[in-house]
Amino acid sequence: MPATTETILGVFAYVDTTVRALEDLKAKGYHDLTVYTPVPVHEIEEVLERDRPVSRVRLFTLIGGLTGTASGFLLTIWSAMQWGLTTGGKPVASIPPFIVIAFEMTILFGGVATVLGMALLGRLPRLTPSPSFDPRFTNDRFGVAVHVAPERGGSVREILRAAGADEVRP
Amino acid sequence: MNRRDFFKIVATSGASAAVAGGQRTTENILPLVVPNEQLVPGVAAWFATVCRECPAGCGVLARNREGRVVKLEGNPDHPVNHGALCVRGQAALQGLYHPDRFVGPGVPEGRGVRPVSWESARTQVSDRIAELRKSGQGRAIAVVTQLENGSLGALLDTWVQAMGARPRVTLEPFGYEALRAANRITFGRDAIPYHAFEDAEVVLSFGADFLETWLSNVGHARGFGRMHAFRDGRAGTFIHVEPRQSLTASNADEWLRNAPGTEGMLALAVLKVMVAEGLADRRFAETVAKVDVARVADQSGVPVERIKHVAEVFGHARPGLAVGGGVAVSGGNATDTLVAINLLNAAAGNIGKTVRFGPDSAYGRVTPYAEVVQLAKAMERGEIKLLLLGPGVNPAFTLPGGLKFADAIKKAGLVVSFASLPDETTALAGLVLPDTHWLESWSDYSPREGVMGLLQPTMSPIRDAKPMGDTLLAIGRAVLGTEEGKGPLPWGSQEQHLRSVWEPLVKTEWATALRQGGAWKEIAAAPVAARPVAVEAAAASLEGDPGGFALLAYPSFKFYDGRAATRAWLQETPDTMTQAVWDAWVEVPAEAAAKLGVVTGDVLKVASPHGALELPAYVSPTLHARAVAIPIGHRYAPYHVPRYVAAPPTPTNPVALLSGGAEPASGGAIYLGVSVTLAKNGGRRPLAILQATHDQQERELARHVDLRAAREEALRGRREPEEPISMYPEKQYPGYRWGLAIDVDACVGCQACVVACQAENNVAVVGKPSAAYGRAMHWIRIERWAEGRADHPTNLFLPMLCQHCEVAPCEPVCPVFAAYRTDEGLNAQVYNRCVGTRYCGNNCPYHVRRFNWFEWEIPAPLEVQLNPDVTVRQLGVMEKCTMCIQRIVAGKDGAKDEKRAVQDGDIRTACQQTCPTQAITFGNLKDDKGAVVGLVRSPRAYHVLDELGTRPSVTYLKKVVRDHA
Amino acid sequence: MSDSRSASPTFADVNRDVVRTLEPPGNLYFAWMCVVALILTAGIVAWTAQIWWGMGMAGKRTPQMWAMYITSFVFWIGIGHAGTLISAILYLFRARWRTSIYRAAEAMTIFAVLTAGLFPLIHAGRMWFAYFLLPYPNQRYLWPNFRSPLVWDVFAISTYLSISTVFFIVGLVPDIAALRDASTGWRRRIYGMLALGWEGADSQWRHYRRAYGLLASLATPLVLSVHSVVSWDFAMALVPGWHSTLFAPFFVDGAIFSGFAMVLILLLPMRHFFGLHAYIEEKHLDAMGKLILVTGLVLTYFYVCEIFTSIYSGDEIEKASLFWKVTKSYAWALWLMYFCNCISPLILFSKRARTSPTILYVVSILVLIGMWFERFNIIVPSLGHDFYPYTWGIYYPSLTDTMVVIGSFAWFFILFLGFIKLMPSLSIVEVKETLPPPLKDRGHAGHH
Amino acid sequence: MGAKAGVGALGVVLLAILIFLAVSSWSRQPAVAKASIQPINFPHNTHVQTYKIDCQYCHSDARRSEYAGLPSVTRCLGCHKITAADRPEIKKLGEYLARGEPVPWVRVNKLPEFTYFPHKAHVRANLKCQTCHGAVETMTTFGAETGPTLTNDLLNLVGFRPAARPLTMGWCVDCHRRENATAGMHAPLDCVTCHH
């Protein structure tokens with residue numbers, strides 16, 4: 001991480017204190033934040049999502065799904081054409097049964113694309129834990145990491161403590 | 001180069017490619033040693049010969065591939081069977097390739113022999129003969145063979161004379177002595193005439209099972225088909241009198257169930273009525289003067305009006321034909337009965353028209369049973385020191401138990417058998433000198449006057465066997481101390497003798513005779529006069545418990561006298577009436593069964609004064625209340641393959657219950673002579689019955705139409721095909737479109753097609769347990785559907801095979817396109833592709849698809865018989881009728897060679913080819929002039945389960961039923 | 001051990017309790033493992049025999065070309081459905097009570113589908129060519145027949161399996177992260193890998209939540225489609241008793257019905273042995289009891305419809321088939337099914353029954369039996385008495401197919417037993433979500 | 001440790017299943033034929049190139065039968081009574097004739113199971129033998145790598161399109177399609193033409 005910024009981490013035990021800290025930080029114009037929570041917390045998200053666009057995962061799903069549909073019909077019809085065998089007096093490219101295949105492939109591709117999307121956007125998997133991460137965050141603690149220029153670190157610490165952080169580091 | 005060298009081929013490239021299964025790493029391909037103009041590997045060669053499975057002597061063409069016979073077909077040029085064959089003929093191959101065939105000469109041991117060299121074996125016999133002759137005991141040598149009336153017979157008789165042995169006995173369990181005796185009495189001719197069923201308008205049969213075994217069943221079936229099957233508005237009538245509804249009876253338009261042994265009096269009653277009504281020759285009035293129709297009706301259980309009606313119908317026939325035979329006409333009163341029947345024919349003026357003396361049957365030459373009895377007595381007294389038994393005879397099994405022939409054999413010094421398969425008699429023999437199978441032999445046989453059938457080797461022997469003639473000639477010369485070319489036995493071999501007999505006959509036509517399988521000429525009917533002899537036809541008297549049941553021991557159409565029972569194909573061919581396979585049974589009338597508390601499958605002890613049998617019961621609603629019936633000929637399991645074949649646990653031979661007495665008048669064996677008692681022994685032996693029910697529950701699988709209606713429809717002529725309704729565009733057929741038409745009216749249920757298909761398409765044998773559990777593999781089956789009263793049903797025979805539906809339910813459900821519709825209108829099944837999901841099997845409403853539940857075993861050398869043009873299916877694949885795709889391919893290939901399109905008749909499916917009544921027709925549905933289209937457009941045409949909209953390519957024609965008054 | 005029975009547990013409690021379930025198991029567990037493994041081996045032996053000697057080893061015949069294998073196949077597919085229903089559909093409906101049970105249910109789904117997936121293989125006459133059903137460019141230039149319901153199955157089931165697995169794994173990631181941070185040594189390393197470096201940062205959560213929601217809404221139509229497709233194996237066929245438009249909803253409902261029964265059968269012992277009463281409370285049992293009751297009633301309705309249509313249609317063959325089923329050889333199976341599926345759930349009308357583990361357990365077992373026989377009754381008797389009287393007959397199970405079917409249960413349970421000791425059978429994150437969030441200033445509780 | 005054992009048990013069972021599936025299935029996959037040692041070292045090249053003998057002189061059944069057929073021992077000796085009669089390999093021929101045994105040639109061109117290939121039809125369509133059997137005229141020992149292989153399927157699976165191996169279905173179909181498209185032939189593409 002560039003020397004021009006430092007990361008200050010506040011560890012909280014409660015949701016409301018965490019929220020308070022976030023509100024204050026935002027009010028003071030600190031926007032470069034990372035919040036660690038053991039569970040997604042509605043209140044915290046509310047604060048964070050205010051000035052963010054909706055996740056783009058759904059775009060992946062849509063594209064994946066459509067690809068599935070298309071390839072489903074393509075595969076069935078094309079392969080049926082290969083030999084043009086009649087069964088049960090039905091036409092070679094009989095669409096109704098092929099819909100089933102197309103449907104299943106829509107779901108399959110859609111689902112896989114969604115997960116890929118999530119991994120891509122969520123930067124997963126990550127090999128080394130980020131410096132500000134603390135194991136307690138997957139248990140019962142909440143963390144607020146603020147990335148700021150070194151000279152402004154003091155005030156950030158102030159805010160975090162004021163909001164009721166059990167611990168602020170460095 | 002001598003003929004045998006032609007066949008010095010082991011196997012040729014590709015022949016093994018057909019056999020599927022595990023992978024072979026290296027595989028050898030073997031060329032001929034000597035090139036052979038007659039055989040091209042991969043191309044079939046055909047050899048004409050004569051079937052010797054029974055004395056009917058049908059003409060046969062043997063299909064030879066790579067030096068091995070793979071299929072038998074009827075010889076179309078042969079005057080007896082005109083191209084058709086019966087089940088036994090079709091299955092003869094399994095006798096040829098039977099796993100238990102003796103490997104060579106030897107002393108019988110278990111199911112095989114302890115080998116000895118031909119020399120020592122021959123010397124053993126010749127020494128014995130020599131010493132007997134020295135001590136002047138030539139008469140102590142007895143020769144017993146099956147009916148051999150050709151050159152072989154002559155050769156044998158010469159030999160017998162040269163040896164000074166007692167006259168040769170030809171042993172045929174069904175000898176028809178009574179027929180001959182009756183003809184002696186009425187016509188003064190000791191012969192069995194030709195019965196021209198084809199020319200009769202009405203056939204009146206007294207127990208003659210002429211569609212099963214009687215005299216010449218294939219010929220008769222063909223004649224019957226021509227006479228009876230509905231053809232452009234005309235159809236003959238068939239009335240049958242028998243206590244039991246046999247296969248023949250169930251083909252009758254009118255079946256009269258009479259008390260056993262009352263056929264004679266019925267015949268006379270009919271004659272009496274005819275005379276009274278002026279329908280018969282007056283000269284015969286006095287012969288029936290004493291007959292009281294009412295009393296006859298009372299004794300026989302056939303009501304007076306029925307008798308009158310029969311007389312009516314028969315009397316008006318121009319001409320009619322009355323025949324008598326079968327078990328019910330072989331009682332103590334057999335001759336009287338047959339005389340009565342002769343009178344009937346004579347009075348109706350059928351002699352010379354439908355009953356023709358002149359072309360007399362070979363059966364006339366059979367040694368009367370009475371002489372067999374004499375022989376048995378002689379053996380009993382120890383007068384026989386050397387007994388020679390030819391192939392095809394099995395006296396220890398086929399002769400009545402009362403005769404105790406088996407015990408007698410034990411007293412007959414040295415017993416030498418020429419049989420090629422172990423049986424009850426070879427077990428008692430001291431020496432076996434295996435004869436070659438008739439498909440490997442030179443011989444000849446004359447089924448009737450004017451027809452000389454010629455047998456030629458159709459392949460080289462697969463075992464170390466020698467023709468009986470050769471062996472006997474060698475022995476004879478050894479005894480006489482003469483060498484070849486000299487003395488009374490100059491011939492080097494049976495073949496030489498045969499040629500010496502035939503040369504003067506055919507002169508330069510030898511090659512032709514070989515090609516067409518013999519020589520024949522028309523023989524005009526000899527004029528005979530009937531003596532109106534008075535005859536007293538009392539009911540047959542029965543020995544044993546008067547309160548018991550008359551035992552009807554009837555020959556099985558599958559096994560004849562039992563000689564065919566070694567064929568696994570036949571064991572697994574359903575008996576059409578009961579649909580039972582593999583095991584024997586005792587047919588019990590429903591009332592009696594109810595009284596005994598017996599259901600089908602319960603074991604019954606059947607006891608007569610001469611023995612007892614334990615057999616599973618088959619409860620029959622149709623059998624006469626005072627009779628029980630047991631088929632003759634069921635024998636040991638054909639060959640021992642673990643999972644498939646289990647020998648019937650107990651003896652199954654009803655003949656063992658018979659007295660062994662001979663009928664005084666004719667000297668014939670008495671088959672209807674004992675009354676038996678039934679007792680439940682508590683055990684169960686479930687029968688393998690393939691058909692779940694004979695009631696088609698108004699589902700109109702097999703349909704019928706009234707004769708009058710059929711006539712009217714026929715007048716309106718062809719029916720134009722209606723446009724099928726479909727959401728989809730119709731499938732186009734660029735080239736041919738194959739189809740089958742099956743005439744339910746013509747089908748007599750003889751099962752020949754089933755075995756023909758099995759032979760042609762390598763259909764596996766599964767054995768009793770699997771068959772009983774719905775795992776039989778037949779591609780075609782003959783179903784029996786019973787309509788009307790349970791105790792007196794009208795039976796419809798429905799040959800059911802893959803319907804090759806245009807809208808096939810089996811196709812779209814197959815996940816891998818293993819089942820699909822070809823551009824020639826076949827419903828194809830691609831074995832390679834089949835994964836075995838069996839979805840198609842579920843979805844086929846006809847259930848004609850067969851699944852390979854196991855790798856069915858084909859014990860060596862039976863695999864040699866496999867048709868190289870048809871894949872042997874691996875375990876786990878679905879199979880079914882292909883409409884003989886291999887024949888279609890061949891047919892198209894042949895046509896291509898001639899640069900023309902396939903024509904009607906080029907291609908014939910195996911089932912069609914062998915059908916005696918020509919009920920099945922294959923052809924191109926797009927060829928408007930073709931035979932099949934004519935039938936498909938017939939007013940009688942219908943499709944099975946057509947309400948399902950499967951649109952089959954197999955069309956059925958309704959049975960035409962006569963409206964009984 | 002856990003004092004959190006009385007008060008609602010804290011976040012820390014949750015972690016502790018879940019981690020506790022993964023402690024080295026006791027002898028009882030191994031006893032079970034061994035028993036199950038033994039039965040499984042027997043099943044495998046039977047299968048080997050069948051491959052070696054042929055399908056004939058299993059008691060199938062003409063016309064019952066299908067029997068216990070397809071029965072069990074449909075049965076297991078059905079079991080799977082409850083899991084997806086709980087994890088996806090209830091998630092979309094925001095049914096909070098699902099949280100404590102959905103993880104186990106989801107695992108059950110996957111294992112059930114894995115079991116079901118074996119049967120088409122077991123059942124194929126030449127399973128060594130089963131790959132013919134897969135569409136891939138091969139040197140024969142051949143493709144499967146996409147018109148065949150069996151190929152639909154291949155697609156439906158493989159899709160179902162992959163989607164539920166994905167869904168399952170996504171759900172696991174944060175929990176595994178929690179385990180990682182709670183454990184040490186080799187476990188920590190393994191969990192570390194599986195957790196994909198999850199940290200619970202807001203940037204991860206926002207995409208995670210969205211993705212999870214989307215997956216749920218994909219899984220919902222999927223789960224409905226899968227059993228419809230399976231039902232079409234029969235509905236698309238001609239066989240009387242199969243050829244019915246009713247089948248899709250009929251099967252889906254039956255699937256959920258049996259699925260919930262299986263969930264209970266798995267959860268109740270878990271709850272008991274792991275002492276999870278704090279998380280799997282009476283309200284959960286009650287809710288599931290209600291669902292079983294409802295689906296059971298719906299099923300009853302379908303049965304009535306089935307009978308009604310086959311009589312009302314006037315199709316003689318259809319009628320004959322029904323009459324035969326109800327009165328003849330297989331009647332016992334039919335009536336057993338009616339009892340288990342229609343009568344036995346009725347007891348769940350009483351709240352007491354719904355909250356009593358014992359009763360629930362018994363009912364569940366009955367339901368499973370009933371539902372297995374439902375499929376049996378659809379397949380075997382229908383085939384045994386269809387269009388063609390010539391072939392009518394009875395199917396008798398053989399030792400082989402019986403052993404294989406029993407083995408399939410062992411296979412399922414061995415997978416599940418393994419799972420509960422290696423993975424959090426309770427969703428840490430979602431359980432926490434349902435707990436009141438830790439607040440310093442109680443006064444402000446739920447201020448939004 | 002318990003968990004470990006649990007994992008162990010599970011692993012073992014899974015492995016067992018996989019192995020058994022693999023073995024039982026593989027044992028039944030179609031065979032692959034290999035070039036192998038012949039009883040007599042027969043050089044096609046000398047016969048075809050040096051002596052310009054037509055294929056159908058020896059394989060004389062090809063034009064009239066499903067099988068191409070092999071020359072009878074006497075036909076071989078027809079020439080070899082005189083020609084090169086002293087060579088050891090040729091001497092073997094005489095011995096076979098003397099013993100009245102056919103020469104046990106080892107099959108090289110092996111079609112997959114359940115398949116029929118009529119030489120006749122292909123000869124009738126004026127097909128050169130080399131089209132299917134390779135450049136026989138150059139072969140000292142006749143060899144061919146034929147039959148389907150798993151590797152080919154796998155290559156296909158991952159998107160490569162390896163040339164179809166000789167005597168596999170794809171290979172036949174390729175030719176039939178090509179001939180129909182280019183040479184205006186009517187080579188059948190119906191499954192049952194070869195599979196019945």
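Residue numbers begin at 1 in each chain, while the letters A, B, ... track the order of the sequences.
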Taking side chain as everything from C-beta outward and backbone as N, CA, C, O, which of these in C/Asp175 sits under 4.5 Å from a heavy atom of chain A? Side chain, backbone, both or neither.
neither
Value rounded to 0.5 Å, distance of CG in C/Leu435 from CG in A/Asp140
11.5 Å
Give, as side chain, backbone, both or neither, the part of A/Leu127 having an atom under 4.5 angstrom from any heavy atom of chain C.
neither
Which atom pair, heavy atoms only, marks the closest approach of C/Ser162 to A/Leu108?
OG-CD1, 3.4 Å
dist A/Tyr36:OH -> C/Ser203:OG (nearest 0.5 Å) comes out at 7.5 Å
Could you check whether atom CZ of A/Arg169 has more than 12 heavy atoms from other residues, nucleotides or ligands sitting under 6.0 Å from it?
yes
Considering only heavy atoms and a distance below 4.5 Å, find which of A/Gly122, A/Ala80, A/Ser55 pairs most often with chain C.
A/Ser55
Let me know if C/Pro221 has heavy atoms under 4.5 Å from chain A in its side chain, its backbone, both or neither.
both
Quick one: pull up CZ in A/Arg141 and CZ in C/Phe11 and give me the separation to the nearest 0.5 Å.
11.5 Å
Side chain, backbone, both or neither of C/Trp152 within contact of chain A (heavy atoms, under 4.5 Å)
both
Do any N or O atoms from the side chain of A/Trp83 and from the backbone of C/Tyr141 form a donor-acceptor pair under 3.5 angstrom?
yes
Between C/Phe146 and A/Phe98, how do the two ring planes meet: parallel, tilted or perpendicular, split at 30° and 60°?
perpendicular
Measure A/Phe60 against the heavy atoms of chain C and call it side chain, backbone, both or neither at under 4.5 Å.
neither
Assess whether a salt bridge exists between A/Arg52 and C/Asp202, defined as any Lys/Arg side-chain N lying under 4.0 Å from an Asp/Glu carboxylate O.
yes
Contact class of C/Pro135 relative to chain A, heavy atoms under 4.5 angstrom
side chain
Among A/Leu75, A/Asp134, A/Val112, A/Ile101, which residue has the highest count of heavy-atom pairs closer than 4.5 Å to chain C?
A/Ile101
Which residue out of A/Val115, A/Thr114, A/Ile107, A/Leu85 racks up the most heavy-atom pairs below 4.5 Å with chain C?
A/Ile107
Apply the side-chain contact (heavy atoms from CB on, under 4.5 Å) test between C/Glu199 and each candidate in A/Ser132, A/Pro129, A/Pro135; give the one that qualifies.
A/Pro129
For the pair C/Val170 and A/Met118, evaluate side-chain contact (heavy atoms from CB on, under 4.5 Å) and give the outcome as yes or no after the intermediate values.
CA-CA 10 Å; C/Val170 169; A/Met118 180 193 92; 4.2 Å; yes
All heavy atoms of C/Arg180 vs all of A/Thr138, minimum pair found to be NH2-CG2, 4.3 Å
Between A/Thr17, A/Thr34, A/Thr87, A/Leu48, the one whose heavy-atom pairs under 4.5 Å with chain C are most numerous:
A/Thr87
Quick check for you: among A/Leu33, A/Leu121, A/Asn139, which has the greatest number of heavy-atom pairs under 4.5 Å with chain C?
A/Asn139
What part of A/Val41 is in contact with chain C, defined as an atom under 4.5 angstrom from a non-hydrogen atom: side chain, backbone, both or neither?
neither
Output yes when C/Arg206 and A/Glu45 qualify as a salt bridge under the 4.0 Å nitrogen-oxygen rule, no when they do not.
no
A/Asp16 side chain to C/Lys440 backbone, donor-acceptor under 3.5 Å:
yes
Can you say whether A/Thr61 sits under 4.5 Å from chain C via the side chain, the backbone, both, or neither, judging by heavy atoms?
side chain
Can you name the closest pair of heavy atoms from C/Pro437 and A/Val15 and give their distance?
CB-CG2, 3.6 Å
May I ask you to check whether A/Trp78 and C/Trp143 place their ring centres under 6.0 Å from each other?
yes
Nearest heavy atoms of C/Leu218 and A/Gly110, plus distance in Å:
CD1-C, 3.6 Å
Identify the two heavy atoms, one from A/Leu124 and one from C/Gly197, that lie closest to each other, and give their separation to 0.1 Å.
CD2-O, 4.1 Å
Side chain, backbone, both or neither: which part of A/Phe12 has a non-hydrogen atom closer than 4.5 Å to chain C?
neither
Heavy atoms only, distances under 4.5 angstrom: which of A/Ala145, A/Gly72, A/Ser130, A/Ser94 has the most pairs with chain C? Name it, please.
A/Ser130
Nearest-0.5 Å distance, CD1 of residue C/Ile163 to CD of residue A/Glu104:
9.5 Å
Any side-chain heavy-atom pair from A/Arg126 and C/Gln204 closer than 4.5 angstrom?
yes
Side-chain donor/acceptor of C/Arg210 to backbone N/O of A/Val54, under 3.5 Å
no
Which atoms of C/Val429 approach chain A - backbone, side chain, both or neither, heavy atom under 4.5 Å
both
